[in-house]
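Below: the structure, in structure tokens.
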Amino acid sequence: MTAVDIIAKLFSGEGAQDYLGEEVSVAVHMRQAGALAEAAGAPDAQVAAALLHDVGHICGPVSGQQLMAGTDNRHGETGAAWLAQWFGEDVTEPVRLHVAAKRYLCAVVPRYYGKLSAASVHTLAIQGGPMNAEEAAEFETLPHASAAVAVRRWDEAAKNPGRDGPDFDHFRPLLQSLLRRHLAGLW
Ligand SMILES: [Fe+2]
């Protein structure tokens with residue numbers, strides 16, 4: 001099975017699970033996020049990061065359900081480590097940092113907290129709450145911080161129960177081209 005087939009299988013299998021109390025499944029949520037990134041004209045790596053940002057909820061040993069129950073499943077780290085088998089840091093770092101980006105945005109953007117869904121407010125507390133000024137300043141120095149913030153904004157907007165988003169197959173060529181670039185050392 002190719003890498004893209006393995007990811008596709010995750011979307012069609014585990015990805016059909018409820019997404020942490022939202023009205024969409026994990027897979028629909030991620031496909032919507034990928035579509036929003038694409039519609040915004042984002043670079044391919046950011047479209048892939050948006051599409052794959054929550055794989056850590058469904059590929060790792062600690063589930064999203066456990067996060068909702070109060071244990072931080074560190075799904076950013078889990079997802080990034082899994083994706084690093086195939087993709088470069090332009091994809092994996094925004095995935096790893098998308099939870100930190102929520103904590104950052106809640107600290108620095110007035111009213112951002114009010115945009116969070118109820119489930120996301122609940123998990124924010126488990127994930128450490130909004131950053132303090134020192135943490136926010138440190139976050140801004142990270143090389144992929146702005147990409148992580150962009151992914152986070154698409155993440156927040158990708159919980160629309162009235163939409164499915166494009167099929168996973170829509171994203172195959174993009175993922176395939178990123179794999180090739182990564183394996184050829186072209187990052
Ligand atoms: Fe998400």
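Hydrogens, waters and symmetry mates play no part in the numbers below; they use all other heavy atoms, side chains included. Atoms within each ligand, like the ligands themselves, are counted from 1 in listed order.
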> What pairs of residues pass the ring pair (Phe, Tyr, Trp, His ring centres under 6.0 Å) test when at least one of them lies in residues 89-137, not counting sequence neighbours?
Replying inline: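 Applying ring pair (Phe, Tyr, Trp, His ring centres under 6.0 Å) to every pair that reaches into residues 89-137, excluding sequence neighbours, yields His53-His98, His75-His98, Tyr104-Phe139.
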
>> Within 2.8 Å of the Fe ion (ligand 1), is there any N, O or S atom belonging to His98?
In response: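 No, since none of the N, O or S atoms of His98 sits under 2.8 Å from the Fe ion (ligand 1).
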
> Quick one: does Val99's side chain get under 4.5 Å of Arg74's, heavy atoms only?
Replying inline: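 Contact flag for Val99/Arg74 side chains = no.
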
Which atom pairs, one a donor and one an acceptor, fall under 3.5 Å between side chains of residues 6-14 and the rest of the protein, sequence neighbours left out?
residue: Ser12; atom: OG; partner: Ala8; partner atom: O; Å: 3.3
residue: Ser12; atom: OG; partner: Lys9; partner atom: O; Å: 3.2
residue: Glu14; atom: OE1; partner: Gln17; partner atom: NE2; Å: 3.0

> Are Lys115 and Ser120 linked by a side-chain donor-acceptor pair shorter than 3.5 Å?
Replying inline: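 Side chains of Lys115 and Ser120: no pair found under 3.5 Å.
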
> If you stand at the Fe ion (ligand 1) and look out to OD1 of Asp155 and NE2 of His29, what angle do those two lines make, to 10°?
Replying inline: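 Answer comes to 80°, rounded to 10°.
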
>> Working to 10°, measure the angle at the Fe ion (ligand 1) formed by atom NE2 of His53 and atom OD2 of Asp54.
In response: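 Seen from the Fe ion (ligand 1), NE2 and OD2 are separated by roughly 90°.
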
